[in-house]
2 protein chains.
Amino acid sequence: MAKTGPRLHAGGAGQRELNAALSGREPDHGSLAALLRQSGLKLTPQRHLICQLIENSDGHPTAEELYESATAVMPSMSLKTVYTTLNDLAALNAIRLVNVGTGGFRVESNLEPHGHLVCRMCGTIMDIPVNPAIEEELAVPPEIEFEVEQREVTLRGLCRSCASKQGEGAGA
Amino acid sequence: MAKTGPRLHAGGAGQRELNAALSGREPDHGSLAALLRQSGLKLTPQRHLICQLIENSDGHPTAEELYESATAVMPSMSLKTVYTTLNDLAALNAIRLVNVGTGGFRVESNLEPHGHLVCRMCGTIMDIPVNPAIEEELAVPPEIEFEVEQREVTLRGLCRSCASKQGEGAGA
DNA sequence: CACCTAATTTACAACGATTGTTACTTACTA
DNA sequence: TAGTAAGTAACAATCGTTGTAAATTAGGTG
């Protein structure tokens, strides 16, 4: 699942490739890139690309997945930069980094309250709606004195394709 | 939090120390140790000790914590054995290994349905009751076709002592 | 537009948590 | 009591992530 090959790129040649890949470079307001800049961080091509990849990703990419997509466009991108940018975005509350126990966190760009379906075979995450009434029910017994900041609902099991794969496997 | 020092014990001298530490060695039925044996696995002194440590632990120990407790009594214990035993127990559904995103999983010996409070500073886990009615509400939209095996409710935030520590820190 | 400076990126090493490997040891059985 | 399959210990390796330090660059300034 994780590529561990050599990461030896000649440094310093990222700008050109990026411009070729990105038509316009103005950070639309409300975008992750715009958020980065507004918060005083420099909007480097690397960060801009990572923000775009997150916004265009359908699901919940891992750092490694983003890194692979990024290097396709900007071969000089380093994995460390991906991590740093993700942590920066998370610190700004622009994304969340969720750890669903599948090894490595995943980027969560949907900040609306919702739950997660996690496939224990392929690690895929899907968002599911959670009845707001439930959220309220999830209260802490008063004697515990715990400051709740975040509520998580996670359902684990098998996604459709993994369930069918497993069915086949058992049959054969 | 994790001890990384040398782990160079002379091997093969575990039996004696164990007998000194454990008064009786009959695995009470229903205990983790009994479960292990019933399932055809050998009940070694190492496994027996780990089972006891789990049963006597108040909370949700990490593998590392169990290892430290174990070596206090049986210095030859290896961390690998702790991991192996935990995985064996989990495979038997005698315990659950929960990953709450604090780095490393924790042992969960309470198999009744319940939720978790996780302190983001110290990593402490506390069990909380979850209204069974809520569990039922946590349904998957029918179009998704997902086989749910497990439901998790996790509330994250600060435990009392970390909240007060943080309050002091901000004030000073 | 050239320059300055602090922020950022990069390569690489290191870390924590966990697992693979292999030779030695031991629990159970005949 | 011996035989054998299973388990253990030591150690290296893996995965995901972060620390370090040197080189590069974004964005403001004259």
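Within every chain, numbering begins at 1; the chains are lettered A, B, ... in the order of the sequence lines, protein sequences first and strands thereafter.
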Connected via hydrophobic side-chain network under 4.5 Å: B:I144 and A:V118: no

A:A63 side-chain proximity, nearest of D:dT17, C:dG20, D:dT20: D:dT17

Whole-Å distance separating the CZ atom of B:R47 from the P atom of C:dA27: 12 Å

From CD (B:E68) to CG (B:L53), nearest 0.5 Å: 12.0 Å

side-chain N/O A:T44 vs C:dT9 OP1/OP2, d < 4.0 Å: yes

C:dT9 phosphate, OP1 or OP2, under 4.0 Å from A:S76 side-chain N/O: no

Value in whole Å for how far the C1' atom of C:dT8 lies from CE of A:M77: 12 Å

Residue whose nearest DNA chain D nucleotide is more 5′ - A:F105 or B:L41: B:L41

Path from B:I125 to B:L97 over hydrophobic side-chain contacts below 4.5 Å: no

B:L43 CG to D:dT8 C1', straight-line distance once rounded to whole Å: 14 Å

For DNA chain C, the residues among residues 81-91 of chain B that have a non-hydrogen atom under 4.0 Å from it: B:Y83, B:N87

Donor-acceptor under 3.5 Å (B:T81 side chain, B:M77 main chain): no

Rounded distance (Å) that lies between atom P of C:dT9 and atom CG of A:L49: 11 Å

Contact under 4.0 Å: A:Q46 side-chain N or O vs D:dT25 OP1/OP2: no

Length of the line joining A:H48:NE2 and D:dG27:P, which is rounded to integer Å: 11 Å

Distance, rounded to the nearest Å, where A:M74 contributes CE and D:dT24 contributes P: 17 Å

Side-chain touch B:H60/B:E108, heavy atoms, less than 4.5 angstrom: yes

Between C1' of C:dT18 and CG of B:L79, the distance in whole Å: 8 Å

Distance-only polar pair, side chains of B:R120 and A:Q150, donor-acceptor under 3.5 Å: no

Integer-rounded Å distance: D:dT14 P and B:K80 NZ: 15 Å

A:I128-B:V130 co-clustered via ILVMFWY side chain contacts under 4.5 Å: yes

Residue mapping more 5' on DNA chain C - nearest nucleotide basis, B:K42 or B:G103: B:G103

